[in-house]
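Numbered from 1 within each chain, the chains take letters A, B, ... in sequence-line order. When reading the values below, keep in mind they use all heavy atoms of this one structure, side chains included, and skip hydrogens, waters and symmetry mates. The model shown is predicted, which means the values in this text are computed figures rather than measured ones.
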Amino acid sequence: MVHNKISSPSFLEEVEAESGEKVRICYQCGKCSAGCPVGYAMDLLPNQVMRLVQLGLKDEVLSCATIWLCASCETCATRCPREIEIVKVMDVLRRRSSAEGYPSAVREVPIFVNSFIGNLKRFGRLYEAAFVGTYNILSGHLTKDFDKVPAMLSKHKLSLLPPRIKGISRIREIIKRVEEIEKK
Amino acid sequence: MKYAFYPGCSLESSASEYRISTEAIASALDIELVEIPNWICCGSTPAHMSHELLSLTLPAYNLVLAMNVGTEGVAVSCASCYNRLKQANHAMQDPIKRGKVAEALGEIYDGTVPVKHMLEIVSEIGAKRNLKDLVRVDLSDIKVAPYYGCLLVRPPDVTNFDDPEDPQIMDRLVEVLGAQVVKYNFKVECCGAALAFPQVEIVKKLSGQILLDAKESGADIVIVACPLCHSNLDLRQRDIEKYLGIDLEIPVLYFTQLMGLAFGLSPRELGLEKHLISPDSVLKRIGIKV
Amino acid sequence: MARIGVFVCWCGSNIASTVDVKAVAKAAASFPGVAHATDYKYMCSDPGQNLIRETIESEHLTGLVVAACSPRMHEPTFRRLALETGMNPYLVEMANIREHCSWVHEDKGEATAKAIETVRMLVEKVKRNSPLEEIRVPVTKKALVIGGGVAGIQAGLDIVTAGIPVIMVERSPSIGGHMAQLDETFPTLDCSQCILTPKMVELSQHRLVTLHTFSEIDEVSGFVGNFKVKIRKKARTVDHDKCTGCGICMEKCPAKVSSEFDRGLSDRKAIYVPFPQAIPNKPVIDRSSCIWFTKGRCGVCKKLCPAEAIDFEEKDVIVEEQVGAIVVATGYDLIDRGLYGEYGHGKIKDVIDGLQFERMLSASGPTGGKIVRPSDGATPKTVVFVQCVGSRDDSKGIPYCSRICCMYTAKHAMLYKHRVKDGKAYIFYIDVRAGGKGYEEFVKRAVDEDRVVYLRGRVSRIFEKNGTVFVKGSDTLSGQQVEIRADLVVLATAVTSSHGSRELAQRLRIGFDQYGFFTEAHPKLRPVETTTPGIYLAGACQAPKDIPDTVSQASAAASKVIGLLSSDELIREPLVARVDEKVCIACFMCESTCPYGAIEHVTWKDPETRKEKEVARVNPGICEGCGACLPVCRPKALDLMGFSDEQIYGEINALSDLVKVIHDE
């Protein structure tokens, strides 16, 4: 499609199929970018991400920082005149980027996501103390938010004991099945 | 009135005061909240970012559990949990997604368990009886900026909560409670949400804009209906002050706490001592000390 | 005994290259009832027609099948030819072997076989045709124009020029429409009022024009050439025969409401004329805001009126008129202010729409032509114009382009810069659509001479803080978010159909689209006609349009009306439904199905039993021959002339051998 770059002709269709969204009908009005609260920090504005998907420029899209900076706040999708659920598209791009081994342009975000999911798999509910610990170690931001710990402990806002729920083995089985179905 | 209560992870620890105050106003309004036994995490933002099926299966698991409680539906306090449960219900209209979730759960969930945020439940009660009758404390000196954030109102076709650009449900509640509503421009702007961990600088900027606009518009306090928003606006307020180079010192309360104050409950019953930014300076106007 | 002639046309190579025309003629010659079959290169040419003419006479033909092109193309040609030879034109049928065979198939053998079967069907049909006579309907030489904007005014003026009387019905108290609200018009910047008001005066004073303002259409019955219209003249509460237009009532009236004409930028009284150049220039009382009607007291106008023209007891009056043709010119509206919550439209005082800005520009407007902020009256130094507010926005239910906004926004920015020399004008756009004579040059002028800054992107949000209007947009060309702190924001809000258009369409029995715009009979070839004969469209009631297009369409509609009403009788094709009174059981299912209102109730006397009964009758002047009534008629009393059951079954049975072959395979 775009001959001076390596484009993946099936990329648009794949993203559309997985997200259930018609990226092809984006007419580049830029309303998503106009209202994006994180736009100032992005390397590509949301409308540019949509355009690159339309053109099949997979490498550019899957290695950009924008897909990791998107806060999923849904401002873009709520106001999109073509009613494209842009967050769903961003989700697909994030998943594809990780699955295909693109180095994340914002390395902390996938670490945050994986720490959260790992914590959830283990305990069923978020064990905040353990989650923060894991995230800090993996991200290398060892002392992040440590200044808040004393106050949170004194106000009983940080539970040191892990959550305990019945049926955790069934929950783990379900999560395992989810992973198997997703692999298919 | 009986609801299956889904507190969500934050209310178990970092937002324990939201839980305390929710239960306090529930009993004041004769709402029976039966906690869903052995509920699990809704998956929040990380789940939909990484695994779509997981992001639907976790809420569906909880909603199936809720069916066994046998009530008018599920009551949720956290805006993020509310959004994920509603998203799952919405997605269950798609037979392919419904089939995949059924395969993972080992049972069929059809997406029909009603999900309501506590604000919606309070507002429904307010439509039937005059909540003013319960007000014991005069809050008319307090100017309140209601902050809704993203996940209650967006996407509107999923949450179907209120006007997505200018929601009124909390504004009306503040009026009924006798406090003054502050009109400001950032009531549905994003606080940065989950970026608090990986990109705290973004959160400082976004949450800073919200607090600053509320303050400049004359607000004494901000009220919220989401533990994530609260954590960004309260717990990180000192960092935000440093980032902006100004003093904000604006207490951020849960709407349930403001209700409790109006109903004459004690600060202890509402967990008001748990905020990082103490509401003392404002509450002393009504003769209350935390 | 039928003697059918079959004439197979080559259409040059159009048919002959894919269909073996000689084989078709040969096969046709053997069909029962065919007396003669032949082929010719161009059957529609002079020699071709002569060939047919001579054969009709020499072979004593009783019917014709011309195997050639679509009946839409040449059926009239061959039917006229038949008439010349004394044959009833409805004994001629076309077998379409071009569009249905040669143009759509590649295999010559199969195309030829299909052509043969097509001819076989038409031969069987024509054998069952009966001679039909054209329907002649008398005509009322008078036209109704609904809507008194520039479209209606132009249509009305053109029609009266031909000596045909015009009745104009306008809903509001004055004619003039939206054009009367405008200041200068693109792309020439000529003054709207200066070019419109003379036309308003000319129309209102014309001896052939009857003007009904403050009036609406209650009911329309009848059919082309003979419509009956009930017009509701709403109670003005002011007797215009007595009123001198002195204006003392308006001066003293204590009830103020926001002015529709100034779009809320000024107030009017409960007794009012909408604008100084209004026609008629005499007031009406808006009863919803008049203190006499809402609270039962006041009456200041009545006490003060020197002509004693105020009549609180006045009632609506229904006027009945007979007309031969109707021009619908009901114009447009703009979207609701609440539709764009994210733009604070209707909530933020300094966010206005284009028509409000237009009133501000107007020398006779609420600010006397000065551009000011509605909030504080200050001159705005930064103005942001936003295009496509509603238009091209599926999420707001308006996927179409409003067509006028690109141009009027360029004009607004230009006029702003002319009046506020040190001001800054920004325009947010998605595409600039300047496809009209002198339009692109006009937009260039705005950028070049007036230094208007175009930013390519939609605006996401507009909010106000401490008197400053914050506009958060983007410029997709530079890939940047843009925030402008503006003093005034002007929204180019989408054009919608006029309120009540759907109800009017139902009363007129004309089509409308999902947005409430009226539907033309054919988007290219019949753009000013509706599918209901005798009713024509002009202006933005059909789709958003600018003034030049509106005026063109109005003149086109007028010429259609003049053409229609130029003869004393209308001739219509006799291809209409007919009731067999003997069989009819008067269930009137047909009546509820007929989209044209062609079914009448009549009393019929059985000539044999001499008993009377009520039956349905199809009014041939109204019936369009669509056939919708046939399947709902349980006793099968209805049949369609020219497409009778017998004819259709004849065609189908002609294929029975073929059907059998397919079935056996």
Peer 1: Relative to chain B, which segment of V106(A) carries a heavy atom at a distance below 4.5 Å: side chain, backbone, both, or neither?
Peer 2: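 The side chain, not the backbone.
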Peer 1: With respect to chain A, which residue among E189(B), E165(B), E273(B) yields the maximal number of heavy-atom pairs within a distance under 4.5 Å?
Peer 2: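 Top option by heavy-atom pairs under 4.5 Å: E165(B).
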Peer 1: Out of R94(A), E180(A), E182(A), which one racks up the most heavy-atom pairs below 4.5 Å with chain B?
Peer 2: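 Option with the top pair count is E182(A).
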Peer 1: Considering only NZ, NE, NH1 and NH2 on the basic side and carboxylate oxygens on the acidic side, decide whether R236(B) and D145(A) come within less than 4.0 Å.
Peer 2: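 Here R236(B) pairs with D145(A) in a salt bridge, since their nearest N and O are under 4.0 Å apart.
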Peer 1: Any idea which of I171(A), I175(A), V87(A) has the most non-hydrogen atom pairs under 4.5 angstrom with chain B?
Peer 2: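 Top option by heavy-atom pairs under 4.5 Å: I171(A).
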Peer 1: Using a cut-off of 6.0 Å, state whether more than 12 heavy atoms not belonging to I25(A) lie near its atom CD1.
Peer 2: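 Result for CD1/I25(A): enclosed.
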Peer 1: Side chain, backbone, both or neither: which part of Q199(B) has an atom under 4.5 Å from a heavy atom of chain A?
Peer 2: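 The answer is the side chain of Q199(B).
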Peer 1: So which atom in L235(B) and which in K148(A) form the shortest heavy-atom distance, rounded to 0.1 Å?
Peer 2: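 That closest heavy-atom pairing would be O-CE, 3.3 Å.
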Peer 1: Would you mind checking which part of I168(A) comes under 4.5 Å of any heavy atom in chain B, side chain (CB onward), backbone (N, CA, C, O), both or neither?
Peer 2: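 It is neither, since no heavy atom gets under 4.5 Å.
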Peer 1: Hey, are the side chains of D147(A) and D239(B) touching, using non-hydrogen atoms and a 4.5 Å cut-off?
Peer 2: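 They are in contact (side-chain heavy atoms under 4.5 Å apart), so the answer is yes.
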Peer 1: With a 4.5 angstrom heavy-atom cut-off, is it the side chain or the backbone of L206(B) that approaches chain A, or both, or neither?
Peer 2: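 Answer is side chain: those atoms of L206(B) sit under 4.5 Å from chain A.
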Peer 1: Show the nearest heavy-atom pair for residues R154(B) and T78(A), with the distance to one decimal.
Peer 2: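 Taking every non-hydrogen atom into account, CD-OG1, 2.9 Å.
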Peer 1: At what distance, to the nearest 0.5 angstrom, does CG of L126(A) lie from CD of E12(B)?
Peer 2: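 Answer rounded to 0.5 Å: 11.0 Å.
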Peer 1: For chain A, which candidate among L105(B), T57(B), T45(B), V101(B) shows the most heavy-atom pairs at distances under 4.5 Å?
Peer 2: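 With the most close heavy-atom pairs to chain A, the winner is L105(B).
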Peer 1: Go through the atoms of R79(A) and report whether side chain, backbone, both or neither lie under 4.5 Å from a heavy atom of chain B.
Peer 2: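 The side chain, not the backbone.
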Peer 1: Return the SG to CZ distance between C41(B) and R125(A), rounded to the nearest 0.5 Å.
Peer 2: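 Atom-to-atom, C41(B):SG and R125(A):CZ are 10.0 Å apart.
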Peer 1: Chain B heavy atoms under 4.5 Å from Y127(A): which part of the residue, side chain, backbone, both or neither?
Peer 2: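 Neither part.
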Peer 1: Could you check which of H51(B), Q209(B), H275(B) has the highest count of heavy-atom pairs closer than 4.5 Å to chain A?
Peer 2: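 That would be H51(B).
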Peer 1: Quick one: what part of A77(A) sits under 4.5 Å from any heavy atom of chain B, side chain, backbone, both or neither?
Peer 2: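 Answer is neither: A77(A) stays 4.5 Å or more from chain B.
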Peer 1: Quick check: does any side chain N or O of N38(B) sit under 3.5 Å from a backbone N or O of I165(A), one acting as donor and the other as acceptor?
Peer 2: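 Checked: no pair found.
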Peer 1: Are the side chains of E52(B) and R95(A) in touch, meaning some heavy atoms are under 4.5 Å apart?
Peer 2: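 Sidechains of R95(A) and E52(B): in contact.
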Peer 1: Contact part of L195(B) toward chain A, heavy-atom cut-off under 4.5 Å: side chain, backbone, both or neither?
Peer 2: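 Only the side chain of L195(B) comes within 4.5 Å of chain A.
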Peer 1: Can you say whether E173(A) sits under 4.5 Å from chain B via the side chain, the backbone, both, or neither, judging by heavy atoms?
Peer 2: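 Looking at E173(A), nothing touches chain B.
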Peer 1: At a heavy-atom separation under 4.5 Å, does P164(B) approach chain A through its side chain, its backbone, both, or neither?
Peer 2: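 For P164(B), side-chain heavy atoms alone lie under 4.5 Å from chain A.
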Peer 1: Report, by ascending residue number, the residues of residues 108-120 of chain A in heavy-atom contact with chain B at a distance under 4.5 Å; give 'none' if the set is empty.
Peer 2: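 Under the 4.5 Å heavy-atom cut-off, E108(A), V109(A), F112(A), V113(A), F116(A), I117(A), L120(A) qualify.
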Peer 1: Who wins among C190(B), S16(B), P155(B) for the most heavy-atom pairs under 4.5 Å with chain A?
Peer 2: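 If we count pairs closer than 4.5 Å to chain A, P155(B) comes out on top.
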Peer 1: Just how far is it from atom NZ of K100(B) to atom CZ of R177(A), taken to the nearest 0.5 Å?
Peer 2: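 Here the rounded value is 15.5 Å.
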Peer 1: In terms of heavy-atom proximity below 4.5 Å to chain A, should S10(B) be classed as side chain, backbone, both, or neither?
Peer 2: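 Interface part for S10(B): both.
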Peer 1: Less than 4.5 Å to any heavy atom of chain B: does that hold for the side chain of H156(A), its backbone, both, or neither?
Peer 2: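 When you check distances to chain B, atoms from both the backbone and side chain of H156(A) fall under 4.5 Å.
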Peer 1: Looking only at heavy atoms and a cut-off of under 4.5 Å, which of P163(A), S72(A), S139(A), A129(A) has the most pairs with chain B?
Peer 2: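 Of the candidates given, the most pairs with chain B belong to S72(A).
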Peer 1: Quick check for you: to the nearest 0.5 Å, what is the distance between L151(B) atom CG and E74(A) atom CD?
Peer 2: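 Spacing of CG (L151(B)) from CD (E74(A)) equals 8.0 Å.
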Peer 1: Counting only non-hydrogen atoms closer than 4.5 Å, does F197(B) touch chain A with its backbone (N, CA, C, O), its side chain (CB onward), both, or neither?
Peer 2: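 Contact with chain A involves both backbone and side-chain atoms of F197(B).
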Peer 1: Less than 4.5 Å to any heavy atom of chain B: does that hold for the side chain of R164(A), its backbone, both, or neither?
Peer 2: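 The answer is neither part of R164(A).
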Peer 1: Less than 4.5 Å to any heavy atom of chain A: does that hold for the side chain of V200(B), its backbone, both, or neither?
Peer 2: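 Answer is side chain: those atoms of V200(B) sit under 4.5 Å from chain A.
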Peer 1: Report the option among N136(A), L69(A), L158(A), L93(A) that has the most heavy-atom pairs separated by less than 4.5 Å from atoms of chain B.
Peer 2: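 If we count pairs closer than 4.5 Å to chain B, L69(A) comes out on top.
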Peer 1: Search all heavy atoms of A104(B) against all heavy atoms of I181(A) and return the closest pair with its distance.
Peer 2: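 It is N-CD1, 3.6 Å.
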Peer 1: With only heavy atoms counted, which part of E17(B) is less than 4.5 Å from chain A, the side chain, the backbone, both or neither?
Peer 2: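 Side chain of E17(B) only, per the 4.5 Å heavy-atom cut-off to chain A.
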Peer 1: Could you tell me which portion of L58(B) (side chain, backbone, both or neither) has an atom closer than 4.5 angstrom to a non-hydrogen atom of chain A?
Peer 2: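 Just its side chain gets close to chain A.
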Peer 1: Taking every non-hydrogen pair under 4.5 Å, which of A151(A), G124(A), A41(A), S159(A) racks up the most with chain B?
Peer 2: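 Highest number of pairs under 4.5 Å: G124(A).
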Peer 1: With only heavy atoms counted, which part of S50(B) is less than 4.5 Å from chain A, the side chain, the backbone, both or neither?
Peer 2: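 S50(B) touches chain A through backbone and side-chain heavy atoms alike.
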Peer 1: Regarding E128(A) and S14(B), is there a side-chain donor-to-acceptor distance under 3.5 Å anywhere?
Peer 2: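 Their side chains do contain a donor-acceptor pair, which is all the 3.5 Å distance test asks for.
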Peer 1: Does atom CG of L142(A) have more than 12 heavy-atom neighbours, drawn from other residues, nucleotides or ligands, at distances under 6.0 Å?
Peer 2: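 Buried by this count: over 12 neighbours within 6.0 Å.
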Peer 1: Hey, could you give me the NZ/NZ distance between K157(A) and K274(B), rounded to the nearest 0.5 Å?
Peer 2: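 With rounding to 0.5 Å, NZ (K157(A)) is 7.5 Å from NZ (K274(B)).
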Peer 1: Could you give the distance from CG (L276(B)) to CE (M152(A)), rounded to the nearest 0.5 Å?
Peer 2: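 Taking CG in L276(B) and CE in M152(A), the distance rounds to 9.0 Å.
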